[in-house]
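Report on one structure; see the data block that follows.
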Amino acid sequence: DVAHTMQHWHTYQKWNERLFFERYKAYLDGHEAEDPSIGWYKGEIGFFDYYIIPLAKKLKECGVFGVSHHEYLSYAIANRAEWESKGHEIVKRMHEAAVVKFSMGTKK
């Protein structure tokens with residue numbers, strides 16, 4: 001699901017964190033080879049640059065979603081910029097929260 005990347009920053013962050021926790025849990029359970037915090041920052045930049053922003057531009061070109069296409073592209077570009085400036089700290093915070101969450105046996 002990629003819709004969260006083209007919505008308000010808070011929505012993007014909410015779902016990004018949930019995905020991070022899911023991937024971190026998979027790592028702890030042996031289903032991921034590497035701690036996701038290692039490449040999360042750069043992975044999100046690449047995801048925006050090579051998938052999300054081009055997709056949002058295509059939505060605009062195709063005229064899908066009527067006038068809302070502009071909103072999706074604007075949010076994608078804004079979220080990418082905000083991630084670039086805040087992402088390192090956010091990954092650090094998510095990693096710390098995941099360590100606490102899963103070390104206490106909370107599997108939700």
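As the structure is a prediction and not an experimental result, all values here were calculated from the model.
- Distance check, rounded to the nearest 0.5 Å: NE2 of His31 to NZ of Lys25 gives 7.5 Å.
- Residue Lys60 holds its NZ atom at 8.5 Å from OG of Ser74, rounded to the nearest 0.5 Å.
- Under 4.0 Å is where a charged nitrogen must lie from a carboxylate oxygen, and between Glu61 and Lys58 at least one such pair does.
- Glu96 has its side chain out of reach of Val100: every pair of non-hydrogen atoms, C-beta onward, lies at least 4.5 Å apart.
- Put simply, the side chain of Tyr75 does not reach to within 4.5 Å of the side chain of Thr5, judged on heavy atoms.
- To the nearest 0.5 angstrom, Gln13 atom CD is 8.5 Å from Lys86 atom NZ.
- Of the inter-residue distances, the one linking Lys101 atom NZ with Phe21 atom CZ reads 5.5 Å to the nearest 0.5 angstrom.
- Rounded to the nearest 0.5 Å, atoms NE2 (His8) and OH (Tyr12) are 14.0 Å apart.
- The side-chain heavy atoms of Leu55 and Met6, taken from C-beta on, include a pair separated by under 4.5 Å.
- Under the 4.0 Å criterion applied to side-chain N and carboxylate O atoms, Glu84 and Arg80 are assigned as salt-bridge partners.
- For the residue pair Ala76 and Ile52, the shortest heavy atom distance occurs at CB-CG2, 3.8 Å.
- Ring planes of Tyr24 and Phe20: parallel class, angle under 30° (limits at 30 and 60°).
- Looking only at side-chain heavy atoms (C-beta outward), Met94 and Trp40 come within less than 4.5 Å of each other.
- For the pair Trp83 and Tyr41, the minimum side-chain heavy-atom distance is below 4.5 Å.
- When side chains are defined from C-beta on, Pro54 does not count as touching Tyr50, because their heavy atoms never get closer than 4.5 Å.
- Residues Leu19 and His4 fail the side-chain proximity criterion, which asks for heavy atoms closer than 4.5 Å.
- The cluster map of Ile, Leu, Val, Met, Phe, Trp and Tyr, joined by side-chain heavy atoms under 4.5 Å apart, puts Ile38 and Val99 in different clusters.
- In this structure, the separation between CG on Asn79 and NE2 on His10 is 10.0 Å, given to the nearest 0.5 Å.
- The hydrophobic clustering, which links ILVMFWY residues whose side-chain heavy atoms are closer than 4.5 Å, places Trp15 and Val2 apart.
- For CZ of Phe47, the number of neighbouring non-hydrogen atoms (other residues, nucleotides, ligands) closer than 6.0 Å is greater than 12.
- Annotation for His95 and Ser37: closest pair CD2-OG, 3.3 Å, computed over non-hydrogen atoms.
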